Visitor: 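Before I ask anything, let me first share the structure, which is written out below as structure tokens.
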Amino acid sequence: MSDDRDTFLPPGDWPEFPPGLVWLAGAGPGEPGLMTLLGLHALRQADVIVHDALVEPRILEWRGPNAVVEYAGKRGGKPSAKQRDISLRLIELSRAGKRVLRLKGGDPFVFGRGGEEAQTLVRAGIPIRITPGVSAGIGGLAWAGIPVTHRDVNQAVTFLTGHDQSGLTPSAIDWGALAKGSPVLVMYMAIKHLAQITGNLLEAGRGAEEPVAIVSNATLPSMSVLETTLGRAAADAQANAVEAPAIVCLGEVVRMRQVIDWASQLRGEPPRDLDPLAIGTPEAS
Ligand code: SAH
């Protein structure tokens with residue numbers, strides 16, 4: 001251990017956080033308990049924490065007593081220039097001999113530009129370590145009682161973004177192939193262009209009655225879940241003023257929530273339907 005910083009962790013072979021290292025870690029979707037132990041270890045050791053807007057503030061309170069916090073979220077403007085500025089700042093901090101924790105919401109390599117930052121750092125000769133996190137498209141849906149895969153429903157799941165670098169619905173996505181090839185679609189950053197996205201999927205042959213869940217502020221006390229269908233999703237999202245950040249999930253796994261919505265059940269609500277798809281006999285398999 002580099003000095004007497006307390007990591008709050010059980011005894012084990014925890015990695016060193018030497019000065020000059022940039023440690024890129026995921027903070028998970030919000031609920032602080034979803035941060036990994038390695039993430040917490042890094043947070044306790046870091047001299048500087050450079051974080052994004054989606055990192056839950058309660059997690060930052062766990063930092064070491066002398067750690068400095070820097071916000072690096074995007075505030076509009078040119079996203080690419082801003083991204084370059086963030087990478088340059090990380091390089092500068094590393095060269096100043098700081099232990100730098102780059103903390104991102106969810107998982108840093110899932111629609112989080114962690115790959116770009118890691119590439120830039122490595123090219124600049126900066127030593128890095130990567131620690132994954134719980135991504136909103138898996139952990140956030142679990143909080144809503146939606147398993148991203150279920151043996152009776154889907155053998156594949158696709159994660160996609162509703163934005164490309166220009167801020168538009170990604171033109172590189174082959175909607176026809178997606179619609180046919182993936183029974184479950186988990187969409188990040190999809191609220192702004194939801195009408196266009198759902199329109200593309202309907203046009204590509206997905207059913208208007210297919211279930212959709214939109215999970216906002218997943219895992220946080222402010223979490224809300226809108227259950228709708230592919231045909232109605234865009235109108236319902238607008239009518240209900242769905243808040244970002246939100247994950248949109250399309251597919252039969254959404255029905256599992258009727259049984260598995262554990263958060264509501266812990267609040268005393270009964271399961272709504274004990275056999276949502278008339279499928280799945282887990283006791284027998
Ligand atoms: N790296 C992150 C994703 C960053 S992109 C991850 O792995 O989760 C930002 C998008 O993530 C948001 O637009 C939203 O679609 C999703 N997201 C992140 N946190 C969320 C949360 N708590 N609830 C719902 N969606 C979330």
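Basis for what follows: all heavy atoms, side chains included, without hydrogens, waters or symmetry-related copies. Because the structure is predicted, anything quoted here is derived from the model rather than measured. Read the numbers this way: they start at 1 and go in the same order the structure lists the ligands and their atoms.
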Visitor: Taking E70 as the fixed residue, which of R63, K98, R89 is the one that meets the salt bridge (charged side-chain N to carboxylate O under 4.0 Å, His left out) rule?
Guide: R89
Visitor: Going from CG on D174 to CG on N200, what distance comes out if it is rounded to the nearest 0.5 angstrom?
Guide: 11.0 Å
Visitor: Roughly how far, to the nearest 0.5 Å, is the CD atom of E117 from the CD1 atom of I126?
Guide: 13.0 Å
Visitor: Would you tell me whether S264 and R267 have side-chain atoms, one donor and one acceptor, within less than 3.5 Å of each other?
Guide: yes
Visitor: Hey, what's the ring geometry for H193 with H163, parallel, tilted or perpendicular (30° and 60° as the breaks)?
Guide: tilted
Visitor: Can you list everything that forms a ring pair (Phe, Tyr, Trp, His ring centres under 6.0 Å) with Y188? Sequence neighbours excluded, please.
Guide: F111
Visitor: With hydrogens left out, which residues have an atom under 4.0 Å from ligand 1, given that only heavy atoms count?
Guide: P29, L54, G105, G106, D107, V110, F111, S135, A136, Y188, M189, V215, N217, A218, P245, A246, I247
